[in-house]
Amino acid sequence: MTTERSLRRGEIVLGLGVLALGLFVAIQTWSMPETVATAAVGPKLFPGLVATGLIVVGLSLLREALAGHIAHDGGLELDWPAAALVAGALVLQILLLEAVGWIPAGTLLFMLVARAFGSRRHVLNAVFGLALTVLTFAVFDYGLDLNLPTGSLFERLLGSGEATE
Amino acid sequence: METLAALGHGFSVALTPYNLLWSAVGVTVGTAIGVLPGIGPALTVALLLPVTYNLEPTSAFIMFAGIYYGAMYGGSTTSILLNTPGESGSIVTALDGHAMAKKGRGAQALATAAIGSFVAGTIATGALTFVAPLMVKLALMFGPAEYFALMVLALTTVTAVLGDSLPRGLASLFIGLALGLVGIDLQTGQARFTLGIAELLDGIDVVVVAVGLFAVGETLFAVSRHRFEKEEMYALKGSKWMSREDWSRSWKPWLRGTLLGFPIGALPAGGSEIPTFLSYLTEKRLSKHPEEFGHGAIEAVAGPEAANNASAAGVLAPLLALGLPTSATAAIMLAAFQQYGIQPGPLLFDSNPTLVWGLIASLYIGNVLLLVLNLPMAGVWVKLLEIPRPWLYAGILIFATMGAYTLNNNLVDLVILWVIGLLGFGMRVLNVPVAPCVVGLILGPLAEQQFRRALTISQGDLSVFVTHPIALSLLVIAALLVLIPVILRSRRAGDPEGTAISH
């Protein structure tokens with residue numbers, strides 16, 4: 001259960017985040033090397049304006065979080081473990097994609113996300129995920145000439161297989 | 001006459017069997033994806049972008065136009081039967097549309113939405129045909145200062161109009177602007193905010209950001225709310241046809257909705273949210289049965305749905321004639337143009353009339369195809385709503401990661417997708433609108449270019465923005481849009497409840 005108080009905390013995090021982003025852009029802008037002043041406006045002015053905007057908005061968000069009204073009066077229930085599972089599944093996808101290839105990595109993503117939504121039919125989910133990833137792989141790699149990764153592991157296996165022949 | 005000749009040429013392009021095929025593919029896929037809950041037109045266009053990579057531009061954009069219109073039609077089905085509007089323009093449709101579905105009049109609600117969309121779409125496309133060339137003439141008088149002012153106005157309206165709090169809208173906008181800074185500065189060749197990552201030199205792709213916010217963020221929000229929300233689906237039953245009374249209560253709202261939707265969509269005034277709300281209020285005031293509103297009044301579906309589609313056509317006018325996107329969907333269409341190395345704007349009408357007029361002509365054709373596709377086949381699309389949620393969202397993420405990866409074939413885009421997805425989740429929880437972020441990301445760099453061009457011409461004199469009358473008036477309008485609500489709010493300061501308008 002996410003109460004009004006923790007939503008308010010969330011708003012404070014948002015305000016601080018925007019403020020921090022503003023400060024980051026400001027510092028980066030300052031530390032940019034000077035360019036030869038041929039153009040009337042260098043590459044620094046616009047980022048400077050964006051940084052100022054971020055800082056002002058961050059401060060007013062903080063003010064609103066502490067004193068003003070917030071979204072969802074009365075709180076909003078959120079299932080954090082489920083959200084974390086989906087976010088984790090995406091991280092796994094990033095780590096595995098180029099090593100094991102699109103089809104296994106995508107199937108795993110499909111299964112984990114389906115699990116996060118409460119489905120316990122793992123075998124059926126695996127079959128569906130496999131079908132979807134095989135289909136997209138076929139359409140994209142052969143039909144549309146785009147490259148979804150085969151996976152370096154398999155490429156090495158296939159490559160060494162060819163070498164021994 | 002000149003316009004009609006150009007349009008005729010457009011039809012000769014769009015009616016070739018090859019392009020007709022792509023238009024049909026576009027509207028079918030657009031409707032199918034648009035019907036899926038949780039997917040609005042912006043995400044539909046973003047997800048289907050990779051499919052068009054190897055088409056030649058004219059066919060690709062004819063397909064895109066079909067996807068765009070198809071997604072608008074599909075979105076209304078979801079809001080009516082499931083009460084989950086896929087984008088802000090369908091929120092109003094969901095109010096009475098879902099109430100009609102509850103009463104067993106879902107088929108009539110879908111019919112008035114489809115026919116209304118056809119009527120509005122066709123009239124508004126006609127208006128687009130004549131307004132776009134006028135806008136081009138206007139745009140030829142614009143210098144960099146005017147363009148910059150116009151972009152500021154577009155950014156302001158997208159921000160000020162959406163959401164219930166100005167700071168939240170501005171936060172979204174400035175995050176988008178900050179993301180837009182990343183990459184090589186076009187005028188000096190200097191790398192900015194790339195954190196030393198080579199893949200970031202080209203900047204952050206608007207498609208990755210849109211997919212991150214709309215697909216990943218939305219899925220994270222949906223999974224976190226899944227246990228707490230019950231969906232109510234209403235099957236179609238009874239007569240599929242609209243009765244004589246339904247027709248007589250629908251046709252005026254269709255026309256009035258069109259009249260509201262097109263101009264507001266065509267002005268840089270923040271897309272479809274305002275015209276749909278205005279249409280609802282107008283119909284309620286004019287109706288003989290205002291007490292039915294909120295409980296399934298057919299006017300309240302017919303009017304806003306027509307307004308929604310008319311504004312979708314309206315949005316294309318500034319996009320094609322000025323290169324100015326005024327909604328998240330238009331921002332992604334602009335990104336699609338840029339991927340082909342095409343910059344929409346007045347010059348495009350001269351340099352590539354085949355593409356521009358072929359696209360506009362295909363909108364007329366797409367509308368007819370959609371009417372055929374939606375009226376008799378409504379039952380088929382409804383089946384798509386029954387896809388179990390675990391598979392639906394797992395599938396969305398499969399396509400989201402695939403789209404992000406195939407953009408540049410590197411994992412950096414997937415990492416950005418993840419980060420933006422978490423950001424989108426946070427924004428969704430805290431009711432921060434995401435459209436300003438997407439529009440800010442794509443308009444920010446364009447605005448900066450015009451800003452610097454203007455100042456280069458004036459040799460650094462900032463007064464160019466004040467001494468050019470068009471630029472000045474645009475900037476004044478933008479400032480008023482921000483200031484008036486603030487002033488109104490401070491007048492009502494004693495009434496904190498009154499300021500909280502939640503969706």
Side-chain angles (χ1 to χ4, degrees), chain A residues 7 10-11 14 18 21 25 28 32-33 35 39-43 46-47 50 53-54 57-58 60-61 64 68-69 71-73 76-80 82-83 86-87 90-91 93-94 97-98 102 106 109-111 113-119 125 128-129 132-133 136 140 144-148, chain B residues 50-51 53-54 164-165 167-168 170-171 174-175 177-178 181 185 187-188 190 192-193 216 219-220 223-228 388-391 393-395 397-399 401-402 405-406 409 411 414-415 418 421-422 425-426 429-432 444 448 451-452 455-456 458-460 496 499-500 502:
Chain A
L7 273 177
E11 302 251 330
L14 176 73
V18 171
L21 183 65
V25 173
Q28 286 267 311
M32 252 186 233
T35 42
V41 201
F46 204 74
V50 174
L54 281 166
V57 171
S60 66
L61 278 172
E64 206 169 79
H69 82 276
H72 310 290
D73 314 302
L76 179 77
E77 282 178 295
L78 292 174
D79 184 351
W80 289 102
V86 172
L90 285 166
V91 173
Q93 156 101 334
I94 295 170
L97 182 61
E98 290 193 339
W102 169 249
L109 174 69
F110 191 95
M111 289 175 68
V113 174
R115 176 68 196 87
F117 275 89
S119 168
N125 292 342
F128 257 81
L132 190 62
T133 48
T136 46
F140 274 76
L144 298 170
D145 221 8
L146 291 167
N147 292 316
L148 285 167
Chain B
V51 181
Y53 282 161
N54 291 319
D164 52 1
S165 122
R168 271 178 227 156
L170 284 173
F174 275 100
I175 291 171
L177 290 175
L181 292 174
D185 171 36
Q187 293 190 349
T188 57
Q190 181 163 356
R192 295 189 300 187
F193 308 99
V216 180
T219 304
L220 286 167
V223 77
S224 67
R225 298 282 304 145
H226 186 64
R227 281 204 287 142
F228 310 109
R389 295 302 170 262
W391 292 347
Y393 284 102
L397 285 192
I398 290 284
F399 281 99
T401 51
M402 185 182 73
Y405 184 82
T406 48
N409 282 325
L411 291 175
L414 280 187
V415 176
W418 188 80
L422 291 192
F425 173 55
V429 170
L430 297 172
N431 249 2
V432 179
E448 179 183 11
F451 181 69
R452 284 160 71 174
L455 286 182
T456 307
S458 75
Q459 292 174 329
T499 56
S502 58

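On a predicted model such as this, the values are computed, not experimentally measured, just so you know. In what follows, chains carry the letters A, B, and so on, assigned in the order in which the sequence lines appear, proteins first and then strands, with residues in each chain numbered from 1.
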[X], part contacting chain A, at a heavy-atom distance under 4.5 Å:
| X | value |
| --- | --- |
| B:Thr219 | both |
| B:Val432 | side chain |
| B:Tyr405 | side chain |
| B:Leu181 | side chain |
| B:Trp418 | side chain |

Check each atom of [X] against the heavy atoms of chain B and say whether the ones under 4.5 Å are side chain, backbone, both or neither.
| X | value |
| --- | --- |
| A:Phe110 | both |
| A:Val25 | both |
| A:Leu21 | side chain |
| A:Leu109 | side chain |

When heavy-atom pairs shorter than 4.5 Å are enumerated against chain B, which of [options] gives the highest number?
| options | value |
| --- | --- |
| A:Val86, A:Val91, A:Ile94 | A:Ile94 |
| A:Gly118, A:Gly10, A:Pro47 | A:Pro47 |
| A:Val18, A:Leu54, A:Leu14 | A:Leu54 |

At their closest point, which heavy atom of B:Ser224 faces which heavy atom of A:Ala83, and how far apart are they?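 Smallest interatomic distance, heavy atoms only, reads CB-CB, 4.3 Å.
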
Minimum heavy-atom distance between B:Ala171 and A:Leu61, given as atom pair plus value: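 Smallest interatomic distance, heavy atoms only, reads CB-CD1, 3.7 Å.
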
List for me each residue that meets salt bridge (Lys or Arg N to Asp or Glu O under 4.0 Å) alongside A:Arg115, sequence neighbours excluded, and say none if there are none.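 By the salt bridge (Lys or Arg N to Asp or Glu O under 4.0 Å) rule, A:Arg115 matches no residue at all.
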
What residue, out of [options], has the most heavy-atom pairs lying under 4.5 Å from chain A?
| options | value |
| --- | --- |
| B:Leu411, B:Leu414, B:Leu170 | B:Leu411 |
| B:Phe451, B:Phe174, B:Tyr393 | B:Phe174 |
| B:Leu422, B:Asn409, B:Val216 | B:Asn409 |

Would you compute the distance between atom CG of B:Leu455 and atom CZ of A:Phe46 and round it to the nearest 0.5 angstrom?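 The CZ atom of A:Phe46 is 11.0 Å from CG of B:Leu455, to the nearest 0.5 Å.
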
Side chains of B:Trp391 and A:Asn125, heavy atoms from C-beta outward: is any pair under 4.5 Å?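 Yes. Closest side-chain heavy atoms under 4.5 Å.
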
Go through it in stages, so that I can follow the logic: the residues are A:Asp79 and B:Arg225, the test is side chain to side chain contact (heavy atoms under 4.5 Å, CB included), and I'd like the CA-CA distance, side-chain angles, deciding distance and then a yes or no. CA-CA 6 Å; A:Asp79 184 351; B:Arg225 298 282 304 145; over 6 Å; no

So, does B:Arg192 use its side chain to make a donor-acceptor pair with the main chain of A:Pro43 at under 3.5 Å?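 Judged by distance alone, yes, a pair lies under 3.5 Å.
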
Run the side-chain hydrogen bond (donor to acceptor under 3.5 Å, both in side chains) test against B:Asp185 and tell me which residues pass, sequence neighbours left out.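 Only B:Thr188, B:Arg452 meet the side-chain hydrogen bond (donor to acceptor under 3.5 Å, both in side chains) criterion with B:Asp185.
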
Fit a plane to each ring of B:His226 and A:Phe117, take the angle between them on a 0 to 90° scale, and name the class: parallel (under 30°), tilted (30 to 60°) or perpendicular (over 60°).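 Ring orientation of B:His226 relative to A:Phe117: perpendicular.
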
Give the C-alpha distance, both sets of side-chain angles, the deciding distance and a yes or no for salt bridge (charged side-chain N to carboxylate O under 4.0 Å, His left out) between B:Arg168 and A:Glu11. CA-CA 10 Å; B:Arg168 271 178 227 156; A:Glu11 302 251 330; 3.4 Å; yes

